[in-house]
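What you see below is based on every heavy atom in this structure, not just the backbone, and it leaves out hydrogens, waters and symmetry mates.
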Amino acid sequence: MKVKAFFLSGAVLLNTALPISAALPNTPAITACASQFTSIHHIQGTADSSPLVGQQLTTRGVVTAVVYPNSKAAGIVLRAAERGDTAASGSLFIADKAAAATYRPGQPLQITGTVAEVNQLTSLVQITDIRLCGEATKVQPVTLQLPLTSQQSWELLEGELLQFNQPLTVNDTYSLGRYGEITLADKRLMTATEVMLPGKDAIALTTAQQERHMLVLDDGLYQQNPDPLLFPAGGLTADNTLRIGDSLSGVEGVLLQDERGYRLLPTKMPQFKVQNPRPAKPEPKPAKALRIASFNVLNYFNGATEQQAFPTRRGASTAAELERQQAKLITALAALDADIIGLLEVENNGYNQKGALASLTAALNKVASKPYRFIITKQQPGSDAIKVALLYRPSAVSVEGKAAMLLNKPFDWGSRPPLAQSFRHLTSNELVTVSINHFKSKGSCPKDATSKDADQHDGQACWNALRTTSARALSDWLATQPTGVKTNHQIILGDLNAYRMEDPVRMLEQQGWAYLKAATGTQYSYVYRGRTGSLDHALASPALAKKLAVMQHWAINADEPVLLDYNVEFKSDNLQQLLYAPTPYRSSDHDPLIATFQF
């Protein structure tokens with residue numbers, strides 16, 4: 001088989017990996033083996049599937065691993081003793097429960113069976129004869145280093161026992177809870193359009209990352225939603241996390257393939273090392289400063305305006321889940337110590353005391369050192385199920401002018417209508433207009449492939465044209481001072497659903513907005529399919545940008561396993577308790593932004 005993708009986003013597939021272990025001791029006696037057999041290299045071939053599919057034949061090799069023991073998918077992996085065709089894999093999976101229960105690594109075997117492609121893995125099935133050809137010897141793994149060279153391929157290494165002497169970096173934990181797997185690479189991989197302009201080079205970088213830098217490490221458990229979780233060492237808990245950027249050393253295992261791509265089944269537990277520790281809460285805001293933040297509250301729905309509150313349309317499924325979600329959110333929001341907070345993904349169910357915005361604000365005020373209020377708009381904030389919103393501390397700022405929303409095209413569909421409000425910073429008496437935004441996502445592509453909003457295969461995905469038009473319209477709108485307050489201190493913040501080098505962000509820069517970035521370090525807010533980037537941005541008018549003291553992304557969410565969020569689905573009673581804590585970590589899927597200004 002050729003190299004396949006490492007991910008199948010959203011797929012509900014059976015985990016096909018079990019711990020690799022030694023076989024049972026009742027091994028058959030050594031017998032004479034035939035001198036004629038079909039080599040494993042010949043069986044594998046160099047095409048997408050074996051050239052000998054359907055043929056019954058005899059082959060010979062040394063057992064490198066016993067996999068999937070005590071399951072219906074149990075088997076062993078054979079390595080060819082001879083060198084053979086270097087363009088073909090030299091290892092073969094033997095799908096046989098009896099063999100998995102009988103033989104152990106290092107034993108030379110002769111096996112007769114039928115060649116088949118099992119979940120895209122070249123295998124020998126319907127085994128009719130197995131003979132032990134000699135004494136066991138120690139199996140030496142092949143040493144490999146990422147990224148693969150141009151002469152190497154995962155296809156050539158299929159079924160091979162591999163070891164990595166280099167530390168490998170965790171790049172994705174999305175499937176850790178469902179399938180017990182994490183994605184590793186030689187370094188932290190960035191989304192291509194975060195670091196380079198969209199186009200052929202961005203696509204080429206994405207492909208190279210996929211094929212040569214990344215590898216899935218499976219826990220080896222033949223079950224979905226495993227309990228306990230084997231990764232990290234000691235098992236995942238609310239306190240014992242595994243973050244993007246952490247590293248593993250001593251990685252060793254056998255490389256197999258299924259519908260989801262290539263994966264390494266460990267033959268021993270690697271060593272986990274914390275390289276990206278959880279950040280503490282932000283430093284308290286200086287007394288005379290103005291702090292503005294944005295936070296995606298991950299579909300905070302209370303369902304209070306529906307005939308049946310739960311399950312909510314997009315958020316919590318039960319009242320208990322809502323309580324868990326809210327506890328994490330208010331802990332994080334209070335820790336921001338921000339005077340103004342732009343919220344995203346709040347249920348669009350009004351501004352009365354039953355609504356989600358009022359409910360969240362009331363809960364926040366029970367833990368915040370200084371109380372917040374929320375901005376009320378006269379207009380309905382769009383027809384989407386979610387809306388943007390603004391919180392503010394009356395102790396630090398006063399509301400000036402009117403709350404303004406842009407409801408006309410291109411914000412009449414797709415993107416959430418932006419909200420702008422002016423505030424007076426009480427300490428400095430400066431006026432600042434804040435605009436919170438949530439542009440159209442990259443998914444749910446138009447059915448018309450010729451549409452300008454279809455994926456142009458340049459790394460920006462779908463709806464890029466709409467997002468770019470939205471960026472220009474937003475800039476033009478803010479130039480009209482829509483709140484009725486004239487000020488040269490303006491800020492755009494929120495989820496633009498575009499990475500740093502994509503057209504919408506660059507459009508705003510071309511319109512004169514200054515991109516706010518941290519003084520040091522890599523800036524990011526989101527991890528998707530093993531790549532890191534920022535969909536959340538803050539851009540200020542030049543006059544306000546000059547007053548920036550500190551810009552930061554508080555890395556409490558994107559680096560954390562999704563399994564640590566408030567949801568209880570697909571978790572045992574034990575895991576529901578073990579994985580949850582009312583802390584800021586994984587309170588959302590996006591990291592909050594915090595911009596602190598000194599006038």
Under 3.5 Å donor-acceptor, His537 side chain and Ser534 backbone: yes
Is it true that the side chains of Thr532 and Arg188 contain a donor and an acceptor less than 3.5 Å apart? yes
Between Gln460 and Asp458, does the side-chain hydrogen bond (donor to acceptor under 3.5 Å, both in side chains) criterion hold? Intermediate values first, please. CA-CA 6 Å; Gln460 300 185 95; Asp458 59 359; 3.0 Å; yes
Filter on salt bridge (Lys or Arg N to Asp or Glu O under 4.0 Å), then keep only pairs touching residues 224-244, sequence neighbours left out; what's left? Arg243-Asp559, Arg243-Glu560
Is the CD atom of Gln166 crowded by more than 12 outside heavy atoms at less than 6.0 Å? yes
Could you walk me through whether Ile594 and Met551 pass the side-chain contact (heavy atoms from CB on, under 4.5 Å) check? CA-CA 6 Å; Ile594 309 170; Met551 176 69 197; over 6 Å; no
Are the aromatic rings of Phe93 and Tyr68 close, with centres under 6.0 Å apart? yes
Identify the two heavy atoms, one from Gln44 and one from Ser91, that lie closest to each other, and give their separation to 0.1 Å. NE2-O, 2.6 Å
Between Ser123 and Val125 (side chain of the first, backbone of the second, donor and acceptor by atom type, cut-off under 3.5 Å), is there such a pair? no
Will you find, in the side chains of His553 and Asp591, an N or O donor that is under 3.5 Å from an N or O acceptor? no
All heavy atoms of Ala208 vs all of His213, minimum pair found to be O-CD2, 3.4 Å
Between Leu176 and Leu229, what is the shortest heavy-atom contact and its length? O-CD2, 3.5 Å
Between the main-chain N or O of Gly90 and the side-chain N or O of Glu160, is there a donor-acceptor pair closer than 3.5 Å? no
Chi angles and distances behind the side-chain contact (heavy atoms from CB on, under 4.5 Å) call for Ile292, Ile491: CA-CA 9 Å; Ile292 304 172; Ile491 185 171; 4.1 Å; yes
side-chain contact (heavy atoms from CB on, under 4.5 Å) assessment of Glu252 paired with Leu162: CA-CA 6 Å; Glu252 179 182 302; Leu162 305 174; over 6 Å; no
If you measure from NZ on Lys440 to OG on Ser444, what distance do you get to the nearest 0.5 Å? 5.0 Å
Ser49 OG to Leu121 CG distance, which is reported to the nearest 0.5 Å: 12.5 Å
State, yes or no, whether a side-chain contact exists between Pro232 and Leu236 at a heavy-atom distance under 4.5 Å. yes
Could you tell me whether the side chains of Asn296 and Glu345 share a donor-acceptor contact shorter than 3.5 Å? yes
Could you work out, with salt bridge (charged side-chain N to carboxylate O under 4.0 Å, His left out) as the rule, every residue matching Asp201, not counting sequence neighbours? none
Using side-chain heavy atoms (C-beta onward) and a distance below 4.5 Å, is Asn225 in contact with Arg178? yes
Non-hydrogen atoms of Pro105 and Ala65 that approach each other most closely: CG-CA, 4.2 Å
Look at the side chain of Asn437 and the backbone N and O of Pro418, then say whether any donor-acceptor pair between them is shorter than 3.5 Å. no
As an exercise, state the distance from CG of Asp536 to OH of Tyr524, rounded to the nearest 0.5 Å. 13.0 Å
Test item: Arg467 side-chain N/O and Ala498 main-chain N/O as donor-acceptor pair under 3.5 Å: no
Can you confirm whether the side chains of Gln209 and Arg529 place a donor and an acceptor under 3.5 Å from each other? no
Minimal non-hydrogen separation, Ala185 against Asn171, with atom names: CB-ND2, 3.4 Å
Looking only at heavy atoms, what is the nearest atom pair of Leu92 and Thr122, with distance? CD1-O, 3.5 Å
Find out whether Leu168 and Leu217 are in side-chain contact, i.e. whether some heavy atom of one side chain is under 4.5 Å from a heavy atom of the other. no
Do side-chain atoms of Trp513 reach the backbone of Val505 as a donor and acceptor pair under 3.5 angstrom? no
Short side-chain to backbone donor-acceptor contact, Thr193 and Tyr499, under 3.5 Å: no
Let me see the working for Arg314 and Asp384 under salt bridge (charged side-chain N to carboxylate O under 4.0 Å, His left out), right down to the final yes or no. CA-CA 12 Å; Arg314 295 190 184 181; Asp384 201 301; 3.3 Å; yes
Restricting to pairs with a member in residues 190-210, which pass ring-ring contact (aromatic ring centres under 6.0 Å, His included), not counting sequence neighbours? none
When rounded to the nearest 0.5 angstrom, what is the spacing between OG in Ser150 and CD in Glu211? 12.0 Å
State, with a plain yes or no, whether a side-chain heavy atom of Asp219 is found less than 4.5 Å away from one of Pro226. yes
If I take atom OG from residue Ser475 and atom CD1 from residue Ile492, how far apart are they, to the nearest 0.5 angstrom? 6.0 Å
Stepwise, does the side-chain contact (heavy atoms from CB on, under 4.5 Å) test hold for Tyr526 with Asp589? CA-CA 7 Å; Tyr526 196 65; Asp589 54 346; 3.9 Å; yes
In the structure I gave you, are the side-chain heavy atoms of Val139 and Leu161 within less than 4.5 Å of one another anywhere? yes
Suppose the criterion is salt bridge (Lys or Arg N to Asp or Glu O under 4.0 Å): which pairs have a residue in residues 505-514, not counting sequence neighbours? Arg500-Glu509, Asp503-Arg506
Would a 4.5 Å heavy-atom cut-off, applied to side chains only, mark Arg263 and Gln257 as touching? no
Decide yes or no for Phe295 and Leu329: does some side-chain heavy atom of the first lie under 4.5 Å from some side-chain heavy atom of the second? yes
Please enumerate all residues that pass side chain to side chain contact (heavy atoms under 4.5 Å, CB included) together with Lys517, with sequence neighbours excluded. Tyr515, Gln523
Look at the side chain of Asp453 and the backbone N and O of Pro446, then say whether any donor-acceptor pair between them is shorter than 3.5 Å. no
Would a distance-only check, ignoring hydrogens and angles, find a side-chain to backbone donor-acceptor pair under 3.5 Å from Ser415 to Phe411? no
Kindly write out the residues that satisfy side chain to side chain contact (heavy atoms under 4.5 Å, CB included) with Val562, not counting sequence neighbours, or none if the list is empty. Tyr174, Asp565, Arg586
Between the OG1 atom in Thr237 and the CG atom in Leu242, the distance rounded to the nearest 0.5 Å is 11.5 Å
Indicate yes or no for a side-chain donor-acceptor contact from Arg324 to the backbone of Tyr566 under 3.5 Å, with no hydrogens or angles considered. yes
